[in-house]
Amino acid sequence: MTGMRKTLKATLSEARAQVEAALKEEGFGILTEIDVAATLKAKLGLERPPYLILGACNPHLAARALEALPEIGLLLPCNVVLREAEEGVEVLVQDPGEMFRVLPEATQRALAPVAEEARARLSRALARL
């Protein structure tokens, strides 16, 4: 799996607050949240360590991507995973450029500036943690 990652010495709620603040500084907000551990517990009775998937979105970048390719919504928003690990909370950030590799080459080129800017902003947010 490709993506960017960092482990924080924090509780899950502390890490989430730090992640949201860092993303906000780069123009991202959280549109969705999936509590995977709670869902697996409720639906299947499975016990899992905390695992959250946050759907992060920068509206300006999303608008540019949608203008270039309306069906890009299939690859939005940018996922950020927070999962409990032995060393703390692992933060994993989806690399937009890697996600766009599933698209035809010409489309990738057209969206490259958006993907590059999104990656730079997400990288800076991760570096702040």
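Residue numbers run from 1 in the order of the sequence given.
- Side-chain contact between Ile72 and Val114: absent, with no pair of heavy atoms (C-beta onward) separated by less than 4.5 Å.
- Taking hydrophobic clusters as Ile, Leu, Val, Met, Phe, Trp and Tyr residues chained together by side-chain heavy-atom distances below 4.5 Å, Leu31 does not share a cluster with Ile34.
- By the side-chain hydrogen bond (donor to acceptor under 3.5 Å, both in side chains) test, Lys41 pairs with Glu47, sequence neighbours left out.
- With sequence neighbours excluded, the residues that form a side-chain contact (heavy atoms from CB on, under 4.5 Å) with Ala62 are Cys57, Leu76.
- Pairing each heavy atom of Pro59 with each of Gly27, the nearest pair is CD-O, 3.6 Å.
- Linking Ile, Leu, Val, Met, Phe, Trp and Tyr whenever their side-chain heavy atoms come within less than 4.5 Å leaves Ile53 and Val91 in two separate clusters.
- Between Leu69 and Leu111, some side-chain heavy-atom pair lies under the 4.5 Å cut-off.
- Leu66 and Leu61 are assigned to two separate hydrophobic clusters, defined by single-linkage of ILVMFWY side chains at heavy-atom distances under 4.5 Å.
- Within the structure, salt bridge (charged side-chain N to carboxylate O under 4.0 Å, His left out) contacts touching residues 99-113 (residues at least two apart or in different chains) are Glu98-Arg101, Glu105-Arg109.
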For a quick test of your reading: what N or O donor-acceptor pairs under 3.5 Å do the side chains of residues 121-129 make, sequence neighbours left out?
| unit_1 | atom_1 | unit_2 | atom_2 | d |
| --- | --- | --- | --- | --- |
| Arg121 | NE | Glu117 | OE2 | 3.0 |
| Arg121 | NH1 | Glu26 | O | 2.8 |
| Arg121 | NH2 | Glu117 | OE2 | 3.1 |
| Ser123 | OG | Arg119 | O | 2.9 |
| Ser123 | OG | Arg119 | NH1 | 3.4 |
| Arg124 | NE | Glu26 | OE1 | 3.3 |
| Arg124 | NE | Glu26 | OE2 | 3.0 |
| Arg124 | NH2 | Glu26 | OE1 | 2.8 |
| Arg128 | NE | Glu25 | OE1 | 3.1 |
| Arg128 | NH1 | Glu26 | OE2 | 2.9 |
| Arg128 | NH2 | Glu26 | OE2 | 3.0 |

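- Residues that satisfy the side-chain contact (heavy atoms from CB on, under 4.5 Å) test with Leu46, not counting sequence neighbours, are Leu40, Leu44, Arg48.
- With sequence neighbours excluded, the residues that form a side-chain contact (heavy atoms from CB on, under 4.5 Å) with Ala56 are Leu23, Phe28, Ile30, Val80.
- Residues forming a side-chain contact (heavy atoms from CB on, under 4.5 Å) with Thr7 (at least two apart in sequence, or on another chain): Glu87, Glu90.
- With sequence neighbours excluded, no residue satisfies side-chain hydrogen bond (donor to acceptor under 3.5 Å, both in side chains) with Glu84.
- Within the 4.5 Å cutoff, side-chain heavy atoms of Leu12 are placed close to those of Leu82.
- Within the structure, every pair that satisfies the side-chain hydrogen bond (donor to acceptor under 3.5 Å, both in side chains) test and touches residues 28-40, not counting sequence neighbours, is listed here: Arg16-Glu33.
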Step by step, would you call Val19 with Val93 a side chain to side chain contact (heavy atoms under 4.5 Å, CB included)?
CA-CA 10 Å; Val19 166; Val93 179; over 6 Å; no
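- Scanning for side-chain hydrogen bond (donor to acceptor under 3.5 Å, both in side chains) contacts around Glu116 gives an empty result, with sequence neighbours left out.
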Derivation and outcome, side chain to side chain contact (heavy atoms under 4.5 Å, CB included), residues Val36 and Leu52
CA-CA 6 Å; Val36 176; Leu52 296 177; over 6 Å; no
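- In this structure, the separation between CG on Leu103 and CD on Gln108 is 6.0 Å, given to the nearest 0.5 Å.
- Taking both residues in full, the closest heavy atoms of Ala10 and Val89 are given as O-CG2, 3.3 Å, listed atom of the first, atom of the second, then distance.
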